[in-house]
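A note on names: the letters A, B, ... follow the listed sequences, proteins ahead of strands, and every chain is numbered from 1.
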2 protein chains.
Amino acid sequence: MFTQSEENYLKAIFHLQQETEDGVSTSSISGHLNTTAASVTEMIKRLADKDLLDYQKYYGVQLTATGKAHALAIVRKHRLWESFLVERLNFNWDEVHEVAEQLEHIKSKKLVEELDKFLGRPAYDPHGDPIPDAEGNLPIMPKKRLSQLQQGERCICKGFNDASSSFLKYLAKLGIGLGTAVEVTHVEKFDESMTLRIDDDEVQLSKTATDNIYVEH
Amino acid sequence: MFTQSEENYLKAIFHLQQETEDGVSTSSISGHLNTTAASVTEMIKRLADKDLLDYQKYYGVQLTATGKAHALAIVRKHRLWESFLVERLNFNWDEVHEVAEQLEHIKSKKLVEELDKFLGRPAYDPHGDPIPDAEGNLPIMPKKRLSQLQQGERCICKGFNDASSSFLKYLAKLGIGLGTAVEVTHVEKFDESMTLRIDDDEVQLSKTATDNIYVEH
DNA sequence: ATAAATTATTAGCTAAGCCTAAATATTTGT
DNA sequence: ACAAATATTTAGGCTTAGCTAATAATTTAT
Ligand SMILES: [Mn+2]
Ligand SMILES: [Mn+2]
Ligand SMILES: [Mn+2]
Ligand SMILES: [Mn+2]
């Protein structure tokens, strides 16, 4: 149906779309996928021809209904495979992303359905991200970023937005994972960095980091 | 490391090599992979440049040690995935091949190792084919083709050589699978077709079919 | 309102993998 | 031994998916 490259673009655009109301820019896509802007322009023309997205020259792209449906199917596969790797194959949550990046492109309706069943139809992946169902419905997450909290507030870590292995390993080193209880002991005015208490340890996190940690409560 | 196409060629050549002493011909590869002879010539030049095979113009190719090792790694993955699909995901043995054809290209040493462990280090795949270990060692199978048996002989089905879904579905329809007991009631002289007794049914199989069924005893 | 900076597009090039048609080499049959 | 048949390679073309450099549009700053 679609090539691996096309699918990677669809998924990237889907993710970037979550963070803007207007069109997804060429440069944001090229940043996300580590390609040049010129390559992106080429590809989005192809995807527009296939009616997977609407493209307004110089004003970015937006997924069509079919484009979004397809992107969600890939996200679903990605997160199911990540769950499989962690739940059944003893992978660490910080080492599954690269492999899932490949596995998400396997084409077999039955495989996805059976994998989902086998895993007990999980609602969230090992990073706390919601897994779309077969129809593309996402279980909505009450999302709040750690960076939005005030001094003195307490919360539980519910998700991580940066899929890079280095970020996840960094968090693991600090003792931060899904379900970790955190208290904001101090917010530094000038760079918005935070001091946090985790159990009885104190750790420092930059704004870049706290922006990518989703919390609840 | 290698592309999907390169890996498919290596695997095809590995399989074809099992059936000849001398070089694997261009046309046999193109037949196996459903490509043209011209495409094969191009690809084997590339693979020869990478020292995965020895190529003598007009006299076919032979895998080098590294080429063979790589082919075995792909065969290993293919058969492990087939086992996973049948043993854990409720696939039928006759519907796993196409998906395994994709899964065999996933690159992750840890994934293969963990999958093997998870499945209990199986020695044979759902078609009765031996699964190479991590070092590329194949558990040797005492292989005899059903077509080699004489009238009156009895045997147990131990493997099937044609991976096509249609062949496997055909056998399933006739009640033939791994472990099925078969008695040769008649061998037709002129086309070498066989009449077989399975339980209390009698079935007819062509030479083409009996050539692709491995038996024991 | 214009100039400068930024962002996006186009043009032109490359490599992998496929193809068909033409040219060549090998094998087979007499 | 040679012609015919068959197999293989070469030549030339196409698509996908990337790149750099040049051009054009938009946005920002003066
Ligand atoms: Mn991917
Ligand atoms: Mn994830
Ligand atoms: Mn394959
Ligand atoms: Mn098999």
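Partners of Glu216(B) by side-chain hydrogen bond (donor to acceptor under 3.5 Å, both in side chains), not counting sequence neighbours: none found. For Glu114(A), the salt bridge (Lys or Arg N to Asp or Glu O under 4.0 Å) test picks out Lys117(A), with sequence neighbours left out. With sequence neighbours excluded, the residues satisfying side-chain contact (heavy atoms from CB on, under 4.5 Å) with Lys207(B) are Ser147(B), Glu192(B), Thr210(B), Asp211(B). Taking the ring pair (Phe, Tyr, Trp, His ring centres under 6.0 Å) definition, one finds that Phe84(B) meets it with Phe84(A), Trp81(B), sequence neighbours left out. For Glu113(A), the salt bridge (Lys or Arg N to Asp or Glu O under 4.0 Å) partners at least two apart in sequence or on another chain are Arg121(A). For Glu188(B), the salt bridge (Lys or Arg N to Asp or Glu O under 4.0 Å) criterion is met by no residue, not counting sequence neighbours. Residues satisfying the ring pair (Phe, Tyr, Trp, His ring centres under 6.0 Å) test with Phe14(A), not counting sequence neighbours, are none.
Residues from residues 36-58 of chain B that place a heavy atom under 4.0 Å from any atom of DNA chain C, listed by number: Thr36(B), Ala38(B), Ser39(B), Glu42(B), Met43(B), Arg46(B), Tyr58(B). Proximity of residues 8-33 of chain A to DNA chain C (heavy atom under 4.0 angstrom from any strand atom) is restricted to Ser25(A), Thr26(A), Ser27(A).
Between chain A and DNA chain D, the heavy-atom contact criterion of under 4.0 Å yields a 5' to 3' nucleotide range of dA17(D) to dT27(D).
Remark: side-chain polar atoms of His32(A) are not paired, donor with acceptor, to backbone N or O of Ile13(A) under 3.5 angstrom.
Pairs engaging residues 66-80 of chain A under the side chain to side chain donor-acceptor pair (under 3.5 Å) rule: Thr64(A)-Thr66(A), Arg76(A)-Asp116(A), His78(A)-Glu82(A), His78(A)-His97(A), His78(A)-Glu104(A) [sequence neighbours left out]. Residue pairs meeting the side chain to side chain donor-acceptor pair (under 3.5 Å) criterion with at least one partner in residues 44-57 of chain A, sequence neighbours excluded, are Glu6(A)-Lys50(A).
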